[in-house]
Novice: 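Have a look at the structure that comes next, please.
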There are 2 protein chains.
Amino acid sequence: MKDLPHKTIERLSQYRRALLLCLDKGKTHIYSHEIAKIQHITAVQVRRDLMLIGYTGTLRKGYNVKELIDLIGHIIDSEEGINVAIVGMGNLGRALINYFAGKRSKLKIVAGFDINPDKIGNIMSGVPCFSLDEMPEVIAARNIKVGIMTVPADFASDTANALVKAGIKGILNYTPKPVNVPKEVYLEEYDMITTLEKVAFYVKMQEEEES
Amino acid sequence: MKDLPHKTIERLSQYRRALLLCLDKGKTHIYSHEIAKIQHITAVQVRRDLMLIGYTGTLRKGYNVKELIDLIGHIIDSEEGINVAIVGMGNLGRALINYFAGKRSKLKIVAGFDINPDKIGNIMSGVPCFSLDEMPEVIAARNIKVGIMTVPADFASDTANALVKAGIKGILNYTPKPVNVPKEVYLEEYDMITTLEKVAFYVKMQEEEES
DNA sequence: GAAATTTTGTTAATATTTTAACATTGTTAA
DNA sequence: TTAACAATGTTAAAATATTAACAAAATTTC
Ligand SMILES: NC(=O)c1ccc[n+]([C@@H]2O[C@H](COP(=O)([O-])OP(=O)(O)OC[C@H]3O[C@@H](n4cnc5c(N)ncnc54)[C@H](O)[C@@H]3O)[C@@H](O)[C@H]2O)c1
Ligand SMILES: NC(=O)c1ccc[n+]([C@@H]2O[C@H](COP(=O)([O-])OP(=O)(O)OC[C@H]3O[C@@H](n4cnc5c(N)ncnc54)[C@H](O)[C@@H]3O)[C@@H](O)[C@H]2O)c1
């Protein structure tokens with residue numbers, strides 16, 4: 001499973017989300033082309049991904065929704081679950097905590113950190129907010145493995161360093177400023193502006209094509 | 001320029017962001033390996049991307065920061081700029097508006113839409129909030145081309161339909177529910193959970209490797 | 001002033017990802 | 001019963017994306 005393509009990992013997560021919705025609707029089986037339709041990809045790709053994880057559907061009946069959800073969970077989730085911390089309890093930080101609050105999942109946001117004394121000590125949607133000083137202890141004590149960064153861009157690099165020092169293993173950086181971490185820390189960066197600019201680019205292209 | 005690789009488009013947007021920071025610091029030239037370092041990619045890739053857009057640096061001096069920013073702008077920006085609307089002025093919607101407020105860019109969020117009467121009529125960080133009924137007129141009148149969706153997941157599909165009907169050309173969907181749009185509308189979907197699950201997966205993998 | 005160095009630009013090779021092709025096999029229907 | 005169909009699973013091919021290799025040229029060093 002170690003060498004599943006990166007893209008397949010992402011899609012498995014998405015398949016599961018779609019499958020959970022199907023389960024809620026009472027669907028017990030699903031065809032590859034149904035999953036594909038939802039995700040805007042081809043049925044071949046779905047079947048190929050499922051082949052890679054060794055799941056076999058029933059010919060002419062499709063895939064068993066429940067089984068597949070479980071299998072994907074076995075592959076991408078860590079058995080004991082993974083605890084997550086969020087640094088920067090501002091607009092985006094709070095929005096994310098809020099968003100995750102309802103979801104039952106192997107991923108739990110168990111701590112927040114902020115520099116603002118007014119926020120420290122508060123509990124937001126069930127997540128307690130700590131001071132930066134407390135970071136090393138809290139991260140160790142709560143067995144936190146992943147950190148989400150939603151601090152102002154100017155503090156991006158400091159925050160990344162602090163997280164690394166505290167022993168975090170993976171970082172998701174929502175700051176528009178790329179950071180550097182040791183290679184043993186898995187880093188994912190996402191900037192909303194890039195995505196928006198990409199959409200705008202293709203819209204522009206289509207317009208130019210038409211004219 | 002039409003056939004630039006998708007990945008190159010994304011990177012150009014990111015290069016520009018990095019270059020703008022350099023400009024602020026008073027840097028006039030930059031080497032490919034410096035850009036690469038910031039973006040966690042290789043210098044070859046940077047040079048190749050720049051080759052694709054036909055930009056030529058100065059041997060041994062690197063690239064002219066200002067020129068490159070301008071060129072990237074010419075390629076990915078639309079000359080007149082593109083107006084953007086955001087549907088769903090909740091936590092995430094407001095966070096996004098806030099985030100964009102400061103940035104000078106060819107992309108402007110010029111309208112928000114919500115179903116909540118308490119929000120309609122308000123102005124948030126300079127963006128006026130309209131009712132859903134007003135969507136067709138507002139989108140036409142303000143020449144809005146791109147829509148960002150930050151409504152509750154259950155309304156994702158309705159919102160996409162409404163945006164398409166109102167004549168939008170590109171959609172960026174932050175809802176965890178994939179939507180369907182006609183093929184002439186460019187659609188990009190982003191779910192934060194996918195990214196977080198991916199980070200968690202690689203953290204898990206690394207741990208298993210170590211043990 | 002020649003050699004070494006550094007950096008760009010480009011072509012070629014490699015790696016990854018997606019798509020196509022098709023064999024296989026239950027199921028439906030004539 | 002058998003032909004047509006609709007689905008999966010897999011191998012092969014094509015398309016995309018990244019990396020390596022190296023020539024060319026400006027700069028520095030000896
Ligand atoms: N709001 C968005 O939609 C959005 C989108 C993309 C990216 N971002 C980025 O996410 C980050 C946060 O955005 P926001 O809108 O939530 O900003 P915000 O100002 O609302 O929140 C920032 C929070 O970080 C805290 N903080 C400041 N310095 C800190 C430090 N050194 N350590 C810990 N906490 C610290 C502040 O007290 C505040 O609570 C920014 O870098 C922004 O560019 C935001
Ligand atoms: N908060 C996050 O960090 C986060 C992250 C990823 C995805 N999301 C997704 O983004 C969406 C919004 O999240 P949020 O935290 O901002 O939720 P929210 O409840 O704070 O905001 C939703 C807003 O949409 C409005 N709304 C409801 N129905 C509408 C309709 N039919 N048309 C227009 N507006 C409508 C509500 O009045 C509210 O203002 C959700 O789908 C959520 O799953 C949120």
Side-chain angles (χ1 to χ4, degrees), chain A residues 1-15 18-19 22 27-65 67-68 71-72 75 183 188-189 194 198 201-202 205, chain B residues 1-15 19 22 27-68 71-72 75 183 188-189 194 198 201-202 205:
Chain A
M1 286 308 148
K2 182 68 204 305
D3 42 2
L4 284 172
H6 281 222
K7 288 295 181 66
T8 294
I9 297 297
E10 284 177 19
R11 283 191 299 260
L12 287 174
S13 162
Q14 287 162 351
Y15 296 163
L19 291 167
C22 292
K27 231 168 136 62
T28 63
H29 287 78
I30 192 168
Y31 298 128
S32 58
H33 66 257
E34 292 177 300
I35 300 179
K37 180 85 185 302
I38 296 171
Q39 308 291 345
H40 315 302
I41 56 176
T42 66
V44 184
Q45 182 131 73
V46 174
R47 294 205 299 275
R48 215 176 181 298
D49 285 335
L50 299 189
M51 187 195 90
L52 290 175
I53 62 171
Y55 186 64
T56 282
T58 310
L59 191 52
R60 199 125 178 154
K61 264 181 108 176
Y63 302 94
N64 182 303
V65 175
E67 272 178 27
L68 188 46
L71 177 60
I72 293 176
I75 290 165
K183 65 177 180 325
E188 190 84 22
E189 310 203 300
T194 298
K198 191 178 171 191
F201 173 79
Y202 286 108
M205 275 308 164
Chain B
M1 290 306 147
K2 182 65 202 308
D3 41 3
L4 285 172
H6 282 221
K7 288 294 182 66
T8 294
I9 297 297
E10 284 176 20
R11 283 191 299 260
L12 287 174
S13 162
Q14 287 162 351
Y15 296 163
L19 291 166
C22 293
K27 228 166 138 63
T28 63
H29 288 77
I30 192 169
Y31 297 128
S32 58
H33 66 257
E34 292 177 299
I35 301 179
K37 180 84 184 301
I38 298 172
Q39 308 292 344
H40 316 301
I41 57 176
T42 67
V44 184
Q45 181 129 73
V46 173
R47 293 205 299 275
R48 216 178 180 295
D49 285 334
L50 298 189
M51 187 196 89
L52 290 175
I53 64 172
Y55 185 64
T56 282
T58 310
L59 191 51
R60 201 133 175 144
K61 262 181 108 177
Y63 303 95
N64 182 303
V65 175
K66 212 165 165 343
E67 270 178 28
L68 188 46
L71 177 59
I72 293 177
I75 290 164
K183 65 178 181 320
E188 190 84 22
E189 309 202 302
T194 298
K198 191 179 170 190
F201 173 79
Y202 286 108
M205 274 307 163

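Each chain gets a letter, A, B and so on, in the order its sequence line appears, and its residues count up from 1. Keep in mind that what you see is a predicted model, and the values were worked out from it rather than measured. Hydrogens, waters and symmetry mates are skipped; everything else that's a heavy atom, side chains included, is used.
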Novice: I need the CG-P distance between A:Leu50 and D:dG9, as an integer number of Å.
Specialist: 8 Å
Novice: Side chains of A:Asn64 and A:Thr58: does their closest heavy-atom pair fall under 4.5 Å?
Specialist: no
Novice: With a 3.5 Å cut-off and just heavy-atom distances, do the side chain of B:Arg60 and the base of C:dT5 make a donor-acceptor pair?
Specialist: yes
Novice: To the side chain of A:Tyr63, which of D:dA20, D:dA7, D:dG9 is closest?
Specialist: D:dG9
Novice: Go through D:dT19, D:dA7, C:dT7 for me and flag the one nearest to the B:Thr42 side chain.
Specialist: D:dT19
Novice: Of all the choices, D:dA7, D:dG9, D:dT18, which nucleotide is nearest to the side chain of B:Arg11 once you look at every atom?
Specialist: D:dT18
Novice: Whole angstroms only, please: what is the CD1-P distance between B:Ile9 and D:dT16?
Specialist: 14 Å
Novice: Looking at the base of D:dT10, is there any donor atom on it, or on the side chain of A:Arg48, that sits under 3.5 Å from an acceptor on the other one?
Specialist: no
Novice: Give the minimum heavy-atom separation between B:Pro5 and B:Leu52, together with the two atoms involved.
Specialist: CD-CD1, 3.9 Å
Novice: Suppose we define a pair by two distances each less than 3.5 Å, Watson-Crick or G-U wobble; what does C:dA30 pair with here?
Specialist: D:dT1
Novice: Look at B:Thr56 and C:dG9 and indicate whether a side-chain polar atom (N or O) is within less than 4.0 Å of OP1 or OP2.
Specialist: yes
Novice: Can you tell me how far P of D:dA7 sits from CG of A:Leu59, to the nearest Å?
Specialist: 10 Å
Novice: When we call it a touch if two heavy atoms are under 4.0 Å apart, what does A:Thr8 touch: a base, just sugar-phosphate, or nothing?
Specialist: nothing
Novice: Let me know the distance between CE of B:Met51 and P of D:dA17, rounded to the nearest Å.
Specialist: 14 Å
Novice: By nearest heavy atom, map B:Arg47 and B:Leu4 onto DNA chain D; which one lands nearer the 5' end?
Specialist: B:Leu4
Novice: What is the distance, to the nearest angstrom, from the NE2 atom on A:His6 to the P atom on C:dA15?
Specialist: 15 Å
Novice: Between D:dG9 atom P and A:Gln45 atom CD, what is the distance in whole Å?
Specialist: 16 Å
Novice: For A:Tyr31, does its backbone N or O pair with a side-chain atom of A:Glu34 as donor and acceptor, under 3.5 Å?
Specialist: yes
Novice: Please name the residue in the list A:Val44, A:Asp49, A:Leu50 that meets the side chain to side chain contact (heavy atoms under 4.5 Å, CB included) test with A:Arg47.
Specialist: A:Val44
Novice: Report the nucleotide, chosen from C:dG9, C:dT8, D:dA20, that has the shortest atom-to-atom distance to any side-chain atom of B:Val44.
Specialist: D:dA20
Novice: Using atom NZ of A:Lys61 as one end and atom C1' of C:dT25 as the other, report the distance to the nearest whole Å.
Specialist: 15 Å
Novice: Heavy atoms from C-beta onward define the side chain here; which of C:dT8, D:dT8, D:dT10 lies closest to that of A:Tyr31?
Specialist: D:dT8
Novice: Can you tell me how far P of D:dT16 sits from CG of B:Asp49, to the nearest Å?
Specialist: 16 Å
Novice: Does the pair A:Ile72 and A:Tyr15 meet the rule for a side-chain contact (heavy atoms from CB on, under 4.5 Å), with working shown?
Specialist: CA-CA 9 Å; A:Ile72 293 176; A:Tyr15 296 163; 4.0 Å; yes
